[in-house]
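One structure is given below, encoded as structure tokens.
Numbering of ligands and ligand atoms starts at 1, following listing order.
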Amino acid sequence: MKVIKTVEEMQNWSETVQLRGETVGLVPTMGYFHQGHLGLMETAKAMCDHLVVSLFVNPTQFGENEDLDAYPMDLDRDFKLAEEKGASVVFAPQREEIYPAGFQTSVALASLPLHLCGLNRPVHFGGVATVVTKLFNIVRPEVAVFGAKDFQQLQVIRQLVKDLNFNIRIVGNPIVREADGLAMSSRNVYLSPGERASGLSLSRSLELAEGLIKEGEKDAAILRAKVTDLILGFDHTAIDYVTLCDPETLADVDHVTGPVLVALAVKVGTTRLIDNRVIDPAQ
Ligand code: PAF
């Protein structure tokens, strides 16, 4: 496995393998791999001749008071895990390689960032859209795989690929969970044992919502209230949002009339966790 650090070398590598008729699958990451990342790698590897994993903690998607400087990192372990998953390349550029002096162009979406996590993280999705656009142009993959835990991010990427005419297949990988239901996240390492137990409030409340919807509850306000009560019944929890919305547009719904996305962001101690489930009342 090669570790590539420059844009030029990465573009040359992709061009060379593609001229040989070989396909490239990209898994964009910010590193500190867990089972969720490894699942994305397995999916991409199964679909393409070459797996490229990008590893870049993107500063433009962090707001001023967010955890950019504290973002966990273990490059040697990540390189080893990517190699075990059969990666041909880890693309791990320095910050100046992606954002050189004088950089001034960014990608912005009109309405998708105005919902869910975008409400409290106003710069986040513009930063994600910009860096992912750059990664697509640098790696030139046929396929790119993203996790469904960041449901809004996945929708943003699907929309940008459509709007900017990228010829790239976007694949959403199902959420990977610990045995007890906690969605895997690089941020889970910040949880104390007590907070770890309270992290279960997210998956438990999604189960509750699914049960209620399938029993016929349609009123989004009632569902939101029940989910909120369950979460706040756990110690250390503070709700950022509990939302029932359209899975395509992410616009809030008042009544559940078809598939609905139940999306949660909860601060457990100082760690912000997210989780979601698309629930179809007809299934
Ligand atoms: O999901 C992530 O880890 C990041 O948002 C991504 C897609 C790698 C862009 O920096």
remark   = ligand 1 atoms nearer than 4.0 angstrom to some heavy atom of Val131 are 9 (C), 10 (O)
ask   = Is Arg169 paired with Glu142 through a side-chain N to carboxylate O contact shorter than 4.0 Å?
value = no
task = Using modelled atom types only, decide if a donor and an acceptor are shared between the side chain of Thr130 and the backbone of Val107 within a distance under 3.5 Å.
result = yes
inquiry  = One thing to verify: whether Glu210 and Arg277 come together as a salt bridge, which I'm taking to mean a side-chain N less than 4.0 angstrom from a carboxylate O.
reply    = yes
ask   = Near Lys214 NZ, under 6.0 Å, is it more than 12 heavy atoms from other residues, nucleotides or ligands?
value = yes
message = Counting non-hydrogen protein atoms only, what is the nearest one to atom 7 (C) of ligand 1? Give residue, atom name and distance.
response = Gln153 NE2, 3.5 Å
remark   = So the atoms of ligand 1 within less than 4.0 Å of a heavy atom of Thr29 turn out to be 8 (C)
query = Hey, which atoms in ligand 1 end up nearer than 4.0 Å to a heavy atom of Gln61?
reply = 4 (C), 5 (O), 9 (C), 10 (O)
remark   = ligand 1 to Pro28, heavy atom cutoff 4.0 Å, flagged ligand atoms 8 (C)
ask   = Are any non-hydrogen side-chain atoms of Leu208 and Lys226 less than 4.5 angstrom apart?
value = yes
